[in-house]
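For reference, the structure is listed below as structure tokens.
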Amino acid sequence: MDTIKQNIVELRRFIPQTVDLVCVSKFHSVESILQAYDCGERLFGESRVQELVRKYNDLPKDIKWHFIGHLQTNKVRQIVPFISLIHSVDSVELLQEINRCAAKNNRKINVLLQVHIAQEEHKFGFMPDALISFCEGFDFEKYPFINICGLMGMATFTDDEEQIKKEFLLLSNLFSELKSKCIFDVESFQILSMGMSDDFPLAIKLGSTMVRVGSSIFGERY
Ligand SMILES: *Cc1c(COP(=O)(O)O)cnc(C)c1O
């Protein structure tokens, strides 16, 4: 068995069927992605627009592409025609631009709101307080082509498990709070995208419904 296949078989043992696996294929070749595809994987995540568009063109059309990186407004239109889920909506301006491009394509776009839960400055996302007020004041008439499906967050890059746990709990509680308020479509607002190669087991324990795993499947990125 090749390594990628082995990695997926191993990884799948730790992921309950109720949790979706996004295979994060950034920096990896179409050949590597095809190996994961041949194991039955269909959700793939990329963080750069150019790379994603190229791979979308080169790979089978039943792949569901997820955008997980920081998205610049001037690049939105390139992915709107085919993207399955954008995890990284971190500003009102970005949401407006996605809605505008989506309208042109006559396509409703699924998005997650990214929440800044880490201690690092360089991570993107709404601050928790800003998120709550943004959601409570959400003007649906402004975003007819947007489907808000849940939240995404990244923990601090650290070995301190207590720290990671604290951040995941914060995100998980925000998700539950918003869910209970039923601001967004109840059928759609179901996704908590939380957990990567190093921390996905903890994330699942704390309520993640979607994990984004790269290096544990494809190896290190260079
Ligand atoms: C790269 C990336 C991942 C995957 O990270 P690994 O540690 O390789 O599993 C997950 N989420 C986001 C947002 C990423 O940029």
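Residues: numbered from 1 along the sequence shown. Read the numbers this way: they start at 1 and go in the same order the structure lists the ligands and their atoms.
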With nothing but distance in play, are any N or O atoms of Asp198 less than 3.5 Å from an N or O of ligand 1? no
Side chain, backbone, both or neither: which applies to Ser197 and ligand 1 if a contact is any heavy-atom pair less than 4.0 Å apart? both
Ring-face cation contact, Phe145 with Arg107, 6.0 Å cut, 45° max: no
Please work out which of Lys26, Met196, Glu46 has its closest non-hydrogen atom nearest to atom 14 (C) of ligand 1. Lys26
Just to check, does Val213 reach to within less than 4.0 Å of ligand 1 when the distance is taken from its heavy atoms? yes
Would Glu136 and Lys181 pass as an ion pair if we require N to O under 4.0 Å? yes
Check Ser84 against Lys64 and note the closest heavy-atom contact, atom names and distance. OG-CB, 3.7 Å
Taking distance alone, with N or O pairs closer than 3.5 Å, would you say Ser215 contacts ligand 1? yes
Are Glu162 and Lys166 ion-paired here, with the side-chain N under 4.0 Å from a carboxylate O? no
May I ask you to decide whether Glu51 forms a salt bridge with Lys55, counting only side-chain N to carboxylate O separations under 4.0 Å? yes
Atoms of ligand 1 close to Gly214 [distance to a heavy atom under 4.0 angstrom, numbered from 1]: 4 (C), 6 (P), 8 (O), 9 (O)
Electrostatic pair Lys75:Glu97 at N-O distance under 4.0 angstrom: no
Could you tell me which atoms of ligand 1, counted from 1 in the order shown, lie closer than 4.0 angstrom to a heavy atom of Arg212? 4 (C), 9 (O), 10 (C), 11 (N), 12 (C), 13 (C)
Tell me: protein heavy atom nearest atom 13 (C) of ligand 1, and distance? Ile68 O, 3.5 Å
His87 near ligand 1, heavy-atom distance under 4.0 Å? no
Just checking Phe157: does its CZ atom have more than 12 heavy atoms from other residues, nucleotides or ligands closer to it than 6.0 angstrom? no
